[in-house]
Trainee: 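First, the structure itself, so that you have it in front of you.
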Amino acid sequence: MSGASTVEHSTLRHRELGLTDPEYERIVDRLGREPNDVELAVFSLMWSEHCGYKHSRRLLGRLPTEGEHVVMGPGENAGAVDVGDGLAVAFKVESHNHPSAVEPFQGAATGVGGILRDVFAIGARPIAVLDSLRFGELDSARSRYLMNGAVAGIGHYGNSIGVATVGGEILFGEPYESNCLVNAMCVGIAPSERLVRSAAAGVGNLVVLLGALTGRDGIGGASVLASAELGEESASKRPSVQIGDPFEEKKLLECCLELLDRGLLASLQDLGAAGLSSSASEMASKGGVGIDLDVACVPRREPGMEAFEVMVSESQERMLCVVEPARLDAVRAVCDEWDVGATAIGAVTDTRRLRVLEEGEPVGDMPVEALIDDCPLYDLAPQRPVSPVYAAPRARLEAGTALGETLLALLRSENIASKRWAYEQYDGLVGSRTVRRSGSADAAVLHLTHDGTSGAIAVSIDGNGRRVACDPYVGAAEAVLECARNLACVGAEPLGLTNCLNFGNPEKDHIAWQLERAVAGLADACRALGVPVVGGNVSLYNEGGGGPIYPTPIVGMVGRVPDPTSVPESAFVEEGHAVALIGPFRPALAGSELDALRGRLVNGLPEVELKAQARALDAARAAVRSGQLATAHDVSDGGLACALGECCVAGGIGARVDLAGLVRRLAEGGAPRTAETALFGEGPGGVVIAGPGEAIARLAADDDGSDRRVILGETGGDTLVIETGSTARLDIEVAAAREAFERGVADHFS
Amino acid sequence: MRFGVVRFPGSCDETDALLACRRFGEAEIVWHRERDLHGLDAVVLPGGFSYGDYLRVGAIARFSPIMRAIVEFARVGGPVLGICNGFQVLCEARLLPGALLPNTGLRFLCRQVDVRVANADTSFTRACGRGERLSLPVKHGAGRFYAPDEVLDAMEANGQIALRYADGHNPNGSARDAAGVTNEAGNVLGLMPHPEHATDPLTGSTDGGRLFASAVEQIAEGTAVAA
Amino acid sequence: MKARVLIRPKEGILDPQGQAVERALPALGFEGVESVHVGRLVELEVADPSRLGEMCEQLLANPLIEDYEVELDDGAAR
Amino acid sequence: MKARVLIRPKEGILDPQGQAVERALPALGFEGVESVHVGRLVELEVADPSRLGEMCEQLLANPLIEDYEVELDDGAAR
Ligand SMILES: Nc1ncnc2c1ncn2[C@@H]1O[C@H](COP(=O)(O)OP(=O)(O)O)[C@@H](O)[C@H]1O
Ligand SMILES: [Mg+2]
């Protein structure tokens, strides 16, 4: 082959691998020569959006990351916060959207496997998984297929590995039809001093690969699957589907934790996107060292793999660790006991280069700095869209429907209806920590220690892409508020936040605008609440054939519950309890579920007053922590009527409440259709509480005169009756509400 | 009283079982590669996915080295409790009759169910009243108990279907609503519901404690042998 | 020697997987399908095929609920 | 007509089941076993066997990760 054609050949190759011409030139410049195939493969993955955060890193810098409880912030495999008693809680959310759109069961399963590894990579034992899913509407067979597979896949992995799946959320919308979202969050626990970092250290130490054999899984996955829009041709990219093996990971998890317990590892890092390439270069970069790897030493599942394939393989259930040579035998002994593979495949050097060898012969040699720090970063060109980005949802409910019927329609609608069909497929109990889980409270509550002496933590994951589509800044801020409100409903104070930014193609200026506004909303809300961002993940290019997904920032939080014995439920638990609304709740129909059911999608949401919201959260948390409440449930999708309906259904008890006061205030504010707005309007800030009359009266008397605490009525009977003043009243049987709520999603799968 | 909880590769609920046992006595983990039970008074095979439950639930674990000792322990009357995957392993090891098949709904199901105590004379139900209702969680994908009709008849006649799902609570299509079954002697109980997840009022009911208390009672009376 | 073990649910035992497939087919436009049963296929290379029967009885199949059939490479059923 | 569909993990795709069985066998006293793969077996009666391929593609197998082979009653592979 002549020299000229070699250049041409590689020029084509870099484009196929997703690198632009200037990026390729930059690689040539950093290397001082043309890269060979191995180097090109490694660079193309390290400089992909997925690994390099080319379009988002600058934006992420705006998120607040400091806080008194932060033990590990962004930059490590997972973030961690101090929860007292020498314990740290590690957590992170990550997306597996594109693999799940191709093969939902395996995509979701390996998504869970991946996020678990991130958590035990820092030495924490995973104790909980949460999932946040988005699909197209359920009357589409494809959406049902994707949801069926994704839910089964999450259950398969989490159940089999013995980590409780305790919470999550599932929402539906047409823009997710061809590009579903599968985000998984893992929460782990460790003694603070046991947490490990991934920085490679100790020149001369061995680099040891743990776990599964290496095959051709996901070759091209990170660059092709995760960083290019899924189009018609995605079918041809399918052979690279990764299969999860939770049994292998269970052994790997126990083995790694035992290795750390015995102090046998100098550092540990999971293998995720881009496999060995990214884990080795990240370990080297953080440690300021170099790493030599011999691909011939890597145990293979398939014959004939090339060096570059070994370097970029995304075979699951593998970890990379650094071990002092004298400890190798001890490491091997532990691995043997767990039947986990352990192979020394390289060494830490002082060269600051990632050198790839094959049977001792160099086949690639790259400066670590070039791989990690020289990845090009792009500024976005945000531009507010001039015309609507999304079509209005299909109308399913006529205006003028009676109030009772409207409430039933909302309870039955797939976004609001019970997700029991899904969460019953998840083991929510294993680990014996679960005090509250899906369906029993707004946030999951988990014991920190089994003797109960260290209190508990609460975890929740939230986001509402449709509202973010209406208003990226407000919608994203609302996601933070909702997550914090869910925590407040179980008495928890947020200690840290993780997030996953699921967006379309950031190279389009209106998507860039969504992204920028959403990050601003996240950042401002986090600052207002004093919650640091300790980690997260970005998933861009979520555009199927039908255009971009709704901009979907997902927020996960961990908070501390000092006393898990007095956590209220999201159900009415006794007849004759007083029902009240607390918080600065100003409902509006714009952007609500009811609006969506009626086929409307507005542009812009009412402004959120973050300071008042922060105060309201403090008040709600204090009320719950008083130990007097039997019920606490936040007002979210479907408004106050749905919140009340859900409390009735969950407890099998009716209620009689009067919203005339709220209706009057709305009328004074000039709102149209006030009864409907009071019942079904949405907005942050509201929490429904119930408990013994005296206790609720005392709480209400504490009111400082604003609209923060209003007694609405009383529980009892088998109907939910809501008065709205002179005009109209809502009156439905709890049994009918239950039927609508329980069947709305489940019926699609029977 | 010393309970031993076996840990196979892929066991998930062994710590849970250990915690539950410790509410009633001493308890320790027994690694599957052990060959001796070292004088334990009772053995628990916990829930989970031993060996990934690949091939067929419980099929591979029954060949673990420790199983030989457990078979012998059971043969001489030692109390053996198999929970969920442990139940599946006991069936595969032929310590219990029958087999566990995929749920009729073909999905993994995690929910609270009621079971009734049909036989209160076994090593693990003697602290219960006959007919007593217990609220216990199930969480499994393959919990449909099956045995041929004539075997089921014999089991019923012999009181071997010790626990039954209450009406409307059978989550998996088990024959005769069998939730828990024993061997002929009544010292080996396998059940799909998880008593170990029902011993702490904060995380569920406490009804499951009755099973562990039963074993303690039996050992205290000295009616069972030690390994 | 290469061997193939076909494992199927014993007759008379409820096979919900088979039923689910049977129910799903008409919805996809496939009519005229009956008696669907779903079992397992185990393929392996074995040095001593004489032990396959034992292996099936003890591990690969559960004779209480499953029937099995061993086929050696030459296609002959045993 | 009776038909039998053999479904197995595609070559190169991880087969955790086969791997687990293979790794477990020696410890169970079965030596000399290699290349174990676990797949599914679907047996059915079908009026129009010409549509079996389509059926496999759409429902019985997952063509992304599985290969399938159809055998009709006469034993002929198709
Ligand atoms: N949206 C975000 N907010 C905060 N931190 C983020 C975000 N996205 C990514 N990060 C941080 O960037 C780092 C790299 O993330 P990622 O590539 O997902 O890690 P991994 O390779 O471990 O999967 C992590 O420390 C992660 O916490
Ligand atoms: Mg990582």
Trainee: So D:Arg40 and C:Arg40, do their side chains get closer than 4.5 Å, heavy atoms only?
Mentor: no

Trainee: Chain C heavy atoms under 4.5 Å from D:Glu54: which part of the residue, side chain, backbone, both or neither?
Mentor: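 For D:Glu54, backbone and side chain are both near chain C.
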
Trainee: Heavy-atom distances under 4.5 Å only: say whether D:Ile7 touches chain C with side chain, backbone, both or neither.
Mentor: backbone

Trainee: Which bit of C:Gln58 is near chain D, if near means a heavy-atom gap under 4.5 Å: side chain, backbone, both or neither?
Mentor: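 The answer is the side chain of C:Gln58.
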
Trainee: Check whether any side-chain heavy atom of D:Leu59 lies under 4.5 Å from a side-chain heavy atom of C:Leu25, and answer yes or no.
Mentor: yes

Trainee: Spell out, as yes or no, whether a donor-acceptor pair under 3.5 Å connects the side chain of D:Arg51 to the backbone of C:Gly29.
Mentor: yes

Trainee: Out of curiosity, C:Ser35 OG to D:Lys2 NZ, how far, rounded to the nearest 0.5 Å?
Mentor: 8.0 Å

Trainee: Report yes if some heavy atom in the side chain of C:Val33 is under 4.5 Å from a heavy atom in the side chain of D:Asp48; otherwise report no.
Mentor: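 A side-chain contact under 4.5 Å is absent here.
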
Trainee: Decide, yes or no, whether a salt bridge links C:Arg4 with D:Glu69 under the criterion of side-chain N to carboxylate O below 4.0 Å.
Mentor: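 Salt bridge between C:Arg4 and D:Glu69, a charged N being under 4.0 Å from a carboxylate O: yes.
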
Trainee: Does the side chain of C:Leu44 reach to within under 4.5 Å of the side chain of D:Val21, using non-hydrogen atoms?
Mentor: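 No - every pair of side-chain heavy atoms lies 4.5 Å or more apart.
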
Trainee: Tell me whether the count of non-hydrogen atoms from other residues, nucleotides or ligands lying under 6.0 Å of CD in D:Glu57 goes above 12.
Mentor: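 Correct, the count exceeds 12.
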
Trainee: Rounded to the nearest 0.5 Å, what separation is found between the OH atom of D:Tyr68 and the CG atom of C:Leu41?
Mentor: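 Those atoms lie 15.5 Å apart.
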
Trainee: Which of the residues D:Gly18, D:Gly32, D:Ala3 is involved in the greatest number of heavy-atom pairs with chain C at under 4.5 angstrom?
Mentor: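 Max contact count across the listed options: D:Gly32.
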
